[in-house]
Protein chains: 4
Amino acid sequence: MTSSNKVDLIMKASLTLFTERGFDATTIPMIAAQADVGTGTIYRYFDSKETLVNVLYQESVQRFTEKFKTDFSKISVREGFQHLFYCLVDFTKESEYALFFLETNKDAYFLNETSHKLLDELTKMLGEYFQRGKSEGVLRNLPSNVLMAIVLGAYLKLYQLVRTGSVEITKPFLKELELCCWDAIRNH
Amino acid sequence: MTSSNKVDLIMKASLTLFTERGFDATTIPMIAAQADVGTGTIYRYFDSKETLVNVLYQESVQRFTEKFKTDFSKISVREGFQHLFYCLVDFTKESEYALFFLETNKDAYFLNETSHKLLDELTKMLGEYFQRGKSEGVLRNLPSNVLMAIVLGAYLKLYQLVRTGSVEITKPFLKELELCCWDAIRNH
Amino acid sequence: MTSSNKVDLIMKASLTLFTERGFDATTIPMIAAQADVGTGTIYRYFDSKETLVNVLYQESVQRFTEKFKTDFSKISVREGFQHLFYCLVDFTKESEYALFFLETNKDAYFLNETSHKLLDELTKMLGEYFQRGKSEGVLRNLPSNVLMAIVLGAYLKLYQLVRTGSVEITKPFLKELELCCWDAIRNH
Amino acid sequence: MTSSNKVDLIMKASLTLFTERGFDATTIPMIAAQADVGTGTIYRYFDSKETLVNVLYQESVQRFTEKFKTDFSKISVREGFQHLFYCLVDFTKESEYALFFLETNKDAYFLNETSHKLLDELTKMLGEYFQRGKSEGVLRNLPSNVLMAIVLGAYLKLYQLVRTGSVEITKPFLKELELCCWDAIRNH
DNA sequence: CATGAATGAGGGTTCATTCAT
DNA sequence: AATGAATGAACCCTCATTCAT
């Protein structure tokens with residue numbers, strides 16, 4: 001009933017396909033078939049395939065950024081990490097394909113300026129958290145982007161296993177995973 | 001010796017381009033230009049673009065597998081991990097693009113059965129190592145593929161930073177990274 | 001009266017756009033926007049884009065034919081030519097784009113039989129006039145369609161200059177032009 | 001045997017189709033079929049459909065300009081006109097479709113800067129001729145572009161009749177036509 | 001052996017036309 | 001009656017693949 005019904009179908013289909021096959025291997029006819037709309041319909045809502053992928057990317061980054069925002073001054077570095085980790089978990093729970101922006105290399109040729117800007121914003125927020133952790137001596141003294149890469153890279157690869165059904169998510173499992181990642185970056 | 005020269009040129013060019021731009025965004029003329037051969041020449045040595053990418057993938061996996069093979073009975077779990085980690089380091093040192101097979105999702109549509117089989121072989125070897133670690137109580141009690149995902153995911157994402165020049169590799173840096181990864185999966 | 005209002009809007013918009021951009025470069029949405037109606041509305045009044053262009057063409061030819069009709073027996077060949085010339089002038093004065101049917105090559109692929117028939121009717125009338133002029137020895141002894149082509153071709157090309165603003169129309173200017181054309185075809 | 005064999009086929013086919021049906025109504029598959037080449041082949045030699053039409057246009061204008069160039073100081077205005085007229089005749093004799101640039105409105109959206117420049121060059125040459133004619137009092141005192149429009153418009157419309165086979169060209173016929181056009185613009 | 005000109009299937013995209021509202 | 005969202009055929013163009021040289 002909502003006018004954006006078709007838009008949602010298209011975005012959901014695109015997100016899945018882009019994540020599974022990549023931008024270039026995903027064709028507009030594929031998306032149209034998956035979304036059960038005509039190919040022309042996609043162009044009623046998105047100027048081009050590139051626009052579509054950027055909208056998707058930006059929407060993902062923004063939702064994650066929103067979710068991640070919190071008053072870090074009120075929580076410890078340890079709690080901050082738990083917050084980050086369960087943001088990732090919640091985010092991927094909403095959609096198996098939501099971490100699309102993590103799979104996409106940030107210098108992918110199809111990303112536009114807005115996409116870069118939004119990612120930079122998120123990166124900055126994450127960077128500030130990691131910086132504080134290092135200042136307090138709680139986190140390893142490695143560049144923030146390295147700490148991020150370790151956590152996000154590990155989680156991403158892990159979630160690919162979830163998608164293929166090789167691994168099932170349970171509460172205790174998540175708890176242990178969180179510990180893994182935390183142990184990877186904290187000072188011992 | 002003479003003709004295999006061209007094969008090498010083609011494979012090196014392909015590896016770089018596939019890793020940098022992805023399989024679909026890389027065209028045969030691009031590879032030919034980069035390798036400084038005619039487009040037709042590529043087809044003299046490889047049946048198709050898909051064949052080429054699979055040969056490349058398999059060659060990568062095999063070289064890595066070969067490098068990884070060692071008599072684990074003679075070393076501790078801790079030493080085994082160091083072996084694994086420095087295999088990754090050595091491998092990427094040979095070519096920035098060598099980890100192509102790690103960047104390629106294992107259910108990528110263009111991988112054929114042989115590629116899957118060779119990857120499975122490597123996975124099995126890695127699995128055995130992780131299994132032993134768990135049996136000895138040294139590693140966390142998580143599925144082996146999860147432990148692998150954490151280590152490889154982290155290293156892979158990290159190496160993407162190296163390729164973009166955001167991070168520089170030094171000996172002490174590698175040592176700390178190795179510890180990160182080890183701390184992520186070992187029992188505390 | 002009410003619904004024909006929309007028809008008029010659509011036809012006026014079409015005439016302008018078809019003349020300015022050509023049949024193929026003019027889209028139905030363009031016409032709809034220019035006429036300030038919905039795209040669907042155009043199809044309420046015209047079966048198809050081809051129907052529309054033919055109705056337009058026929059209407060133009062018919063209006064011109066009506067204007068051109070006169071009792072030639074009462075006027076001289078010279079006066080007849082002035083009549084023809086000022087028919088062209090009046091016609092273009094009504095709308096800069098009215099000569100659409102002259103700009104359209106008569107073997108344009110989109111013209112249907114009715115359009116051809118109506119043009120033939122006009123051609124016949126013009127032909128009779130030119131024939132008489134030749135019989136009386138006033139006009140050059142060239143095929144009538146040739147005499148027509150000279151006059152119409154010259155006037156048409158001239159009017160394109162008017163549309164681009166390169167030339168301004170004044171009474172004395174028109175008088176001289178008329179003489180040009182007359183001198184082109186009369187016997188000297 | 002010449003390497004430009006295919007280029008010639010494509011250009012000839014394009015010229016015909018663009019002239020007969022217009023730029024927009026002519027599709028690349030049509031041109032390919034007419035030229036008896038694959039669609040891809042066209043893109044080996046021409047960047048785009050727009051490039052193709054511009055090359056064609058420029059080639060036409062240049063060949064005509066070359067033909068038209070002469071030492072006007074050595075001939076009278078009357079002789080100059082004969083030169084112009086028989087340039088048109090020769091030009092169209094080489095190919096029925098050679099006057100493509102006359103059929104194309106000079107503000108057609110697909111013409112690029114080079115095309116405009118070349119046409120301006122020709123226009124300037126023609127303008128100088130007409131100017132001289134007016135200075136000497138031989139030609140009517142009308143703007144040069146008007147005099148041009150009359151002659152070129154008349155000839156163009158005339159040649160469309162030739163293409164449809166409605167009119168046959170003979171030497172005496174041409175001689176009379178030349179007189180028609182001359183009488184249209186000369187001072188009486 | 002090596003090449004690159006030639007090809008056509010299939011990609012992204014547009015737009016004439018339909019139809020539910 | 002009027003609309004414009006939805007559609008898919010057909011556009012322009014690319015590129016994996018072939019083959020004559």
Side-chain angles (χ1 to χ4, degrees), chain A residues 1 3-7 9-10 24-33 35-52, chain B residues 2-3 5-6 10 23-33 35-52, chain C residues 2-3 5-6 10 23-33 35-52, chain D residues 1 3-7 9-10 24-33 35-52:
Chain A
M1 224 32 34
S3 72
S4 60
N5 186 28
K6 300 258 169 186
V7 173
L9 286 171
I10 293 165
D24 292 287
T26 301
T27 70
I28 295 287
M30 270 179 203
I31 297 172
D36 207 34
V37 301
T39 57
T41 305
I42 293 174
Y43 287 90
R44 173 161 292 283
Y45 297 107
F46 302 95
D47 279 353
S48 67
K49 197 186 168 191
E50 271 200 32
T51 301
L52 173 53
Chain B
T2 60
S3 73
N5 181 33
K6 299 252 174 193
I10 292 164
F23 176 70
D24 292 281
T26 302
T27 71
I28 296 286
M30 272 178 204
I31 297 171
D36 209 34
V37 302
T39 58
T41 306
I42 292 174
Y43 285 88
R44 180 158 295 283
Y45 298 106
F46 303 94
D47 279 353
S48 68
K49 197 185 169 190
E50 272 201 30
T51 302
L52 171 55
Chain C
T2 60
S3 73
N5 181 34
K6 299 251 174 193
I10 293 164
F23 177 70
D24 293 280
T26 302
T27 70
I28 295 287
M30 271 180 205
I31 296 171
D36 208 34
V37 301
T39 57
T41 306
I42 292 175
Y43 285 87
R44 180 159 294 284
Y45 297 107
F46 302 95
D47 279 353
S48 68
K49 197 184 169 190
E50 272 202 30
T51 302
L52 172 54
Chain D
M1 222 37 31
S3 72
S4 60
N5 185 28
K6 300 257 170 188
V7 173
L9 286 170
I10 293 164
D24 292 286
T26 301
T27 71
I28 295 287
M30 270 180 206
I31 296 171
D36 207 34
V37 301
T39 57
T41 305
I42 293 174
Y43 288 90
R44 174 160 289 283
Y45 297 107
F46 302 94
D47 279 352
S48 66
K49 197 186 167 191
E50 272 200 31
T51 302
L52 173 53

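Please read these numbers as outputs of a predicted model, since none were measured by experiment. Chain naming here is simple, since letters A, B, ... match the order of the sequence lines and numbering starts at 1 in each.
- Partners of A:A35 under the side chain to side chain contact (heavy atoms under 4.5 Å, CB included) rule, at least two apart in sequence or in another chain, are A:L9, A:I10, A:A13, A:V37.
- Stem analysis of DNA chain F (at least three stacked-register Watson-Crick or G-U pairs, each with both distances under 3.5 Å) gives E:2-21 with F:2-21.
- With values rounded to the nearest 0.5 angstrom, C:I31 atom CD1 is found 12.5 Å from C:T41 atom OG1.
- The phosphate of F:dA5 has OP1 or OP2 within less than 4.0 Å of a side-chain N or O from A:R44.
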Produce the list of close N/O pairs, under 3.5 Å, pairing protein atoms with atoms of nucleotides 11-15 of chain F; give distances to one decimal.
unit_1 : atom_1 : unit_2 : atom_2 : d
F:dC12 : OP1    : D:K49  : NZ     : 2.9
F:dC12 : OP2    : D:I28  : N      : 2.9
F:dC13 : OP2    : D:Y43  : OH     : 2.5
F:dC13 : OP2    : D:K49  : N      : 2.9
F:dC13 : O5'    : D:Y43  : OH     : 3.3

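- The interatomic distance linking C:I42 (CD1) with F:dA1 (P) rounds to 16 Å, in whole Å.
- Nucleotide E:dG4 holds its C1' atom 17 Å from the CG atom of D:N5, rounded to whole Å.
- With rounding to the nearest 0.5 angstrom, the OH atom of B:Y43 is 9.0 Å from the OG1 atom of B:T51.
- Interatomic distance, C:F23 CZ to C:E50 CD, rounded to the nearest 0.5 Å: 5.0 Å.
- Partners of C:D24 by side chain to side chain donor-acceptor pair (under 3.5 Å), not counting sequence neighbours, listed by chain and number: C:Y109.
- Applying the 4.0 Å criterion to OP1 and OP2 of F:dG4, one finds that A:K6 has every side-chain N and O outside that range.
- Counting to the nearest Å, the P atom of F:dA5 and the CZ atom of A:F46 are 15 Å from each other.
- Among residues two or more places apart in sequence or in another chain, the side chain to side chain donor-acceptor pair (under 3.5 Å) test is passed with D:T27 by none.
- In this structure, B:D36 places its CG atom 16 Å from C1' of E:dC1, rounding to the nearest Å.
- Atom CG of B:L52 and atom CD1 of B:I42 lie 7.0 Å apart (nearest 0.5 Å).
- Distance CD1 (C:I10) to C1' (F:dT3): 12 Å, rounded to an integer number of Å.
- Here the side chains of D:F46 and D:V7 are in contact, with some heavy-atom distance below 4.5 Å.
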